[in-house]
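First up is the structure itself, then whatever we jot down about it.
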Protein chains: 2
Amino acid sequence: MKISTKGRYALRLMLDLALNNTGEYIKIKNISERQEISEKYLEQIVTILSRGNYVKSVRGAQGGYKLARNPKDYTVGEILRLTEGSLSPVSCLDDETECSKIDDCVTIEIWKRMDKAISGVVDNITLSDLVEWQMEKVNNNFYI
Amino acid sequence: MKISTKGRYALRLMLDLALNNTGEYIKIKNISERQEISEKYLEQIVTILSRGNYVKSVRGAQGGYKLARNPKDYTVGEILRLTEGSLSPVSCLDDETECSKIDDCVTIEIWKRMDKAISGVVDNITLSDLVEWQMEKVNNNFYI
DNA sequence: TCAATTCATAGTAATTAGCTATGAAATAAT
DNA sequence: ATTATTTCATAGCTAATTACTATGAATTGA
């Protein structure tokens with residue numbers, strides 16, 4: 001029951017773009033250096049985000065990526081769902097037709113509540129919240 | 001981000017024992033038939049529950065398993081944690097010493113909230129709740 | 001033209017998931 | 001005492017998934 005590196009790295013990538021949200025296009029190479037994640041793996045992840053129109057890209061020299069929307073208009077939930085595929089704790093919540101015993105199933109109530117609880121968290125945190133938290137961390141470290 | 005069969009089957013096994021909580025020892029063979037899960041796999045799972053003292057066992061002919069406590073004294077959370085290992089969405093919450101960047105990490109706040117939300121659900125559902133839900137299902141099906 | 005970048009896809013090693021298989025140990029019934 | 005039935009213990013095995021790496025084409029600015 002773990003979030004994979006794909007989802008976690010995607011969040012860090014998006015946060016990195018949000019922290020460098022100047023309008024300029026940011027290169028994967030630079031994100032890779034800052035986040036200490038391999039370029040090639042980040043390329044794969046950013047491709048998912050790009051195909052989902054979460055980021056805009058420009059190819060070629062001086063190319064790169066930037067956010068397609070304002071940081072406050074991304075929830076952590078959508079970023080994780082796009083990259084992870086799903087956040088639900090059991091697959092029968094993804095595809096209701098999958099299980100034939102669904103009408104007699106008692107445990108599904110657990111999974112539904114769990115799913116709701118998870119969504120309640122991730123759908124109510126935006127990328128700009130993360131930016132804010134990052135700023136606070138930096139300030140705290142500075143004054144301590 | 002999925003609960004594995006181990007955890008899900010463990011819940012169904014425990015629910016089966018709770019529904020047949022007569023004081024008699026229940027055989028894996030019978031649970032296997034009712035739950036349509038292979039005997040051998042169930043044996044593995046019940047071993048975990050047995051070692052954790054969640055069930056009592058008797059070997060040999062006419063042996064079997066029964067609950068060690070009252071159904072209301074088991075939470076879904078403890079059953080899942082015992083069999084799944086952990087329910088936290090990232091491993092750095094399991095072992096705080098794992099990550100060196102933990103003090104600068106912004107996303108950990110997400111995972112902490114998610115972890116809390118998940119625990120809030122599973123730690124507040126008991127085995128006797130599941131028994132109750134099961135009864136309601138049966139009644140509903142009966143009168144519809 | 002060339003260097004730097006994104007885009008596309010294939011490959012790969014390690015781990016995990018989801019079992020199955022074998023057989024020993026214990027117990028009740030015969 | 002023997003046998004059938006059960007739990008207990010451990011090994012093995014296949015398929016899928018994870019977490020990347022590798023190769024190279026397409027694009028673009030200098």
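Order of the sequence lines sets the chain letters (A, B, ...), proteins ahead of strands, with each chain counted from 1. Since this is a predicted model, take the numbers as computed values, not measurements.
Within the structure, every side-chain polar atom (N or O) of B:Tyr25 is placed at least 4.0 Å from both OP1 and OP2 of D:dT5. Phosphate contact (OP1/OP2 of C:dC19, side-chain N/O of B:Ser38, threshold under 4.0 Å): absent. Using a 4.0 Å cut-off, some side-chain N or O of A:Ser57 falls inside it from OP1 or OP2 of C:dC7. OP1 or OP2 of D:dC20 has not a single side-chain nitrogen or oxygen of A:Lys40 nearer than 4.0 Å. For A:Thr5, a side-chain nitrogen or oxygen approaches OP1 or OP2 of D:dA19 to under 4.0 Å. Close to D:dC20, at under 4.0 Å from its OP1 or OP2, lies a side-chain N or O of A:Tyr9.
Using modelled atom types, one finds no donor on one side chain facing an acceptor on the other under 3.5 Å when comparing B:Tyr41 with B:Ser32.
Ionic pairing of A:Lys137 and B:Asp104 is not present here: no N-O contact between side-chain nitrogen and carboxylate oxygen is shorter than 4.0 angstrom.
The nearest whole Å value for the distance from the CE atom in A:Met1 to the C1' atom in D:dT17 is 17 Å. Counting to the nearest Å, the P atom of C:dT16 and the NZ atom of B:Lys6 are 11 Å from each other. Between the NZ atom of A:Lys27 and the P atom of C:dT6 there is a distance of 8 Å, given to the nearest Å.
Between B:Tyr74 and B:Tyr54, the two ring planes are tilted [angle within 30° to 60°].
Side-chain proximity of A:Tyr41 to D:dT7, C:dC7, D:dA19: nearest is D:dA19. Nearest to the side chain of A:Gln44, among D:dC20, C:dA29, C:dG18, sits D:dC20. Each of D:dT7, C:dA28, C:dT5 was ranked by its minimum atom distance to the side chain of B:Arg59; first place goes to D:dT7.
The minimum heavy-atom distance between B:Thr75 and B:Val122, with the atom names listed, is CB-O, 3.8 Å.
A residue-by-residue look at A:Ser50 and A:Ala61 shows that A:Ala61 has its nearest nucleotide of DNA chain C further toward the 5' end.
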